[in-house]
2 protein chains.
Amino acid sequence: MNKAEILIIDDEAQIRKLLQINLESNDYKVITAASGHEGLSLAANHSPDLILLDLGLPDISGHKILQELRQWYQKSIIILSVMDNESDIVQALDNGATDYLTKPFRTGELLARIRAAIRRNLDPDQSTIKVYGDLEVDFGARMVKKNQETIKLTQTEYNLLVLFIKNEGKVLTHQFILKEIWGYSYQMETQYLRVFVGTLRKKIEDSPNIPKHIITESGIGYRFQ
Amino acid sequence: MNKAEILIIDDEAQIRKLLQINLESNDYKVITAASGHEGLSLAANHSPDLILLDLGLPDISGHKILQELRQWYQKSIIILSVMDNESDIVQALDNGATDYLTKPFRTGELLARIRAAIRRNLDPDQSTIKVYGDLEVDFGARMVKKNQETIKLTQTEYNLLVLFIKNEGKVLTHQFILKEIWGYSYQMETQYLRVFVGTLRKKIEDSPNIPKHIITESGIGYRFQ
DNA sequence: AAACATCTTTATAAAATCTTTATAAGGCGA
DNA sequence: TCGCCTTATAAAGATTTTATAAAGATGTTT
């Protein structure tokens, strides 16, 4: 089995070095970034198995980076944060962070959490293919086909579709969907959702105005079937 | 299984005796009270599975007793009332009575209602799916099926159905339903309720004009079964 | 910088739902 | 049977919710 690759995004050289040594001696492959921009770029190019993200970066706020990453990055992101910053942590978790650690942290705990987070990556969902009539979704390859033809979905559209599929048959409220896809603070932005459901329908439905898959539950939300 | 214990609170010795004989021959354990005070005391000491309460007691008004009991007593209370006292019945139901019977009553009906009321006791129900013959309600998914087919309910219709199910077998007054679904200030809008019961029946009943589930209790309200 | 893709807002049309009114139908006692 | 009261049903009007297009904003790629 290949080594798992971990990306560290932290501006303090000392911590980067410490983490790198520890992780490499535990048989992980490590790449490091000293700034938010560099981190985003490395993440995009390497698509690592896990990202360790420091919230207090000089160039871009850690929250912003997290949001950017979560537009397309499905795997685990562990947040590193200074002690005493509970609201930061809550916000980060709401934005899709997998876990968090407060500095200073013990190495053993870090390693345990990393193992758990990487294990979670291999979720069965991620490697299966699901078929709904004319629709076929390959989670592993992040590909969607309709009538055998590959269709192109943007990140948000794909995330939305995955959320629907994970909750097949269930009525999802607007607020729940918004919270899951855009994060806690977007719960009121129902119009976003309408727009994206619209574009998604155009791509996956035969007749977007008579949808078979994404059903509107007026006053409540949507249901996938 | 243990015998269910029933407390009868009624000042007429004749009725007490009649009820006691009937109930005991149907395998219930019976205790009786001839006055309101005695009834409250016995209820507190025995915590019976069901209480039959006559509204016309000499020492304390039946309504007062009902209120006292409902401060701590969670199980079923069936009201016994003389005919021709509709407003009494409505008031009692609004105060938390489970059901009512007008005197004189037929024994078969009494026994049926007692069975239903005791069944309700053991049904605080946490399960997410409920089935009533051809009707199936999945609270988790917020979905209703009739003969295996998903049917679409509007918010208000669904809320109404959930309220009925939560109070299965119990007569709900118009005012109670209106207060629960539309809020306190809508208690007079009985016509709303008629319209929505109408649409709900059309969706969940086989023959909306001969309803099996939502039963009209004329002058009082509705009952779900 | 220009071209492109995507996300976010705004505007407006269309659909669904709720509320209100009108009228029919049923039950019950006089 | 008639009149009265309650309930049921239909349908018009009002309001809310949803769908869709399109313009503006942002960021990325070439």
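Note that the structure is predicted; figures quoted are calculated from it, not measured. Below, read A as the first sequence line, B as the second, and so on, with proteins coming before strands; counting in each chain starts at 1. Any value given below was found using the heavy atoms of this structure, including those in side chains, with hydrogens, waters and symmetry copies removed.
Only one option out of B:Asp10, B:Ile77, B:Ile78 pairs with B:Leu52 in a side-chain contact (heavy atoms from CB on, under 4.5 Å); it is B:Ile78. Partner of A:Ile9 under the side-chain contact (heavy atoms from CB on, under 4.5 Å) criterion, out of A:Leu53, A:Leu55, A:Ile31, A:Leu42: A:Leu53 alone. When each of B:Thr150, B:Ile151, B:Val162 is checked for a side-chain contact (heavy atoms from CB on, under 4.5 Å) with B:Val144, only B:Ile151 meets the rule. Among B:Ile177, B:Thr156, B:Leu178, the single residue meeting the side-chain contact (heavy atoms from CB on, under 4.5 Å) criterion with B:Tyr192 is B:Leu178. The side-chain contact (heavy atoms from CB on, under 4.5 Å) test with B:Leu50 singles out one residue from B:Ile118, B:Thr98, B:Ile8, and that residue is B:Ile118. Put simply, the residue from B:Leu93, B:Leu163, B:Ile181 that forms a side-chain contact (heavy atoms from CB on, under 4.5 Å) with B:Phe176 is B:Leu163.
Contact between the side-chain N/O atoms of B:Tyr222 and the OP1/OP2 oxygens of D:dA8 is found at a separation under 4.0 Å. Listed pair A:His174 / D:dT18 meets the phosphate criterion, a side-chain N or O lying under 4.0 Å from OP1 or OP2. Between B:Lys202 and D:dA8 there is no side-chain N or O to OP1 or OP2 distance below 4.0 Å.
To the nearest 0.5 Å, atoms CD1 (B:Ile220) and NE2 (B:His174) are separated by 8.5 Å. If you take CD on A:Glu136 and CD on A:Gln148, they are separated by 7.0 Å, rounding to the nearest 0.5 Å. Put simply, CG on A:Leu200 and OH on A:Tyr222 are 10.5 Å apart, with the number rounded to the nearest 0.5 Å.
Nearer the 5' end of DNA chain D, as judged by each residue's closest nucleotide, is the contact made by B:Arg201, out of A:Gly221 and B:Arg201.
Ring-plane geometry between A:Tyr132 and A:His213 is classed as perpendicular, the angle between the planes exceeding 60 degrees on a 0 to 90 degree scale with a lower cut at 30.
We find that CD1 of B:Ile220 is positioned 14 Å from C1' of D:dT7, with the value rounded to whole Å. Spacing between atom CG of A:Leu178 and atom P of D:dT18 amounts to 12 Å, rounded to whole angstrom units.
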How does each nucleotide of nucleotides 25-30 of chain D score, in 5' to 3' order, for protein heavy atoms under 4.0 Å: base (B), sugar-phosphate only (S), or none (-)?
-> ------
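More than 12 non-hydrogen atoms from other residues, nucleotides or ligands lie less than 6.0 angstrom from NZ of B:Lys75.
A heavy atom closer than 4.0 Å to some atom of DNA chain D occurs in A:Gln191, A:Arg194, A:Val195, these being the qualifying members of residues 187-198 of chain A.
Chain A approaches DNA chain C over the interval C:dT6 to C:dT17, counting the first and last nucleotide 5' to 3' with an atom under 4.0 Å from its heavy atoms.
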